[in-house]
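Remarks on the structure that follows.
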Amino acid sequence: MFTSIVYDKLKSSIKYVQDKSVTYLKAKDLILEYLSTHESINNETIRRLCRCTGKQASYYTKKLRDEEILEMIGESRAANI
């Protein structure tokens, strides 16, 4: 699998498609690895760790909460997970 830039340079007829499930699984591994040595994580740390946008970080956090892997601590925008 190449990046979108490589597909553009090759002018390939094959379109670049970012697989959300693969991306989520990679992010999940990175987040869980981080949490093995840290007590909590926040959205900003997830963005830096996974090199993603704030919206993607929120998506990852929500999925991990839905899977009951993470629990939100606090109710404000500054809540830790």
Would you be so kind as to tabulate the donor-acceptor pairs closer than 3.5 Å made by side chains of residues 28-37, with sequence neighbours excluded?
residue	atom	partner	partner atom	Å
Lys28	NZ	Glu67	OE1	3.2
Ser36	OG	Glu33	O	2.5
Thr37	OG1	Tyr34	O	3.2

Contact check, side chains of Glu71 and Arg65, non-hydrogen atoms, under 4.5 Å: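 Not touching, per the 4.5 Å side-chain cut-off.
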
At what distance, to the nearest 0.5 angstrom, does [atom1] of [X] lie from [atom2] of [Y]?
X     : Y     : atom1 : atom2 : answer
Tyr60 : Lys55 : OH    : NZ    : 12.5 Å
Arg51 : Gln56 : CZ    : CD    : 13.5 Å
Asn42 : Thr61 : CG    : OG1   : 9.5 Å

Aromatic plane relationship, Tyr59 with Tyr24 - under 30° parallel, 30 to 60° tilted, over 60° perpendicular: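 Geometry flag for Tyr59 against Tyr24: perpendicular rings.
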
Closest approach of Ala57 to Cys52 (non-hydrogen atoms, all atoms of both residues):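 So the minimum-distance heavy-atom pair works out to N-SG, 3.8 Å.
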
Over all atoms of both residues, closest heavy-atom pair of Ser58 and Asn43: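 That would be OG-ND2, 3.2 Å.
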
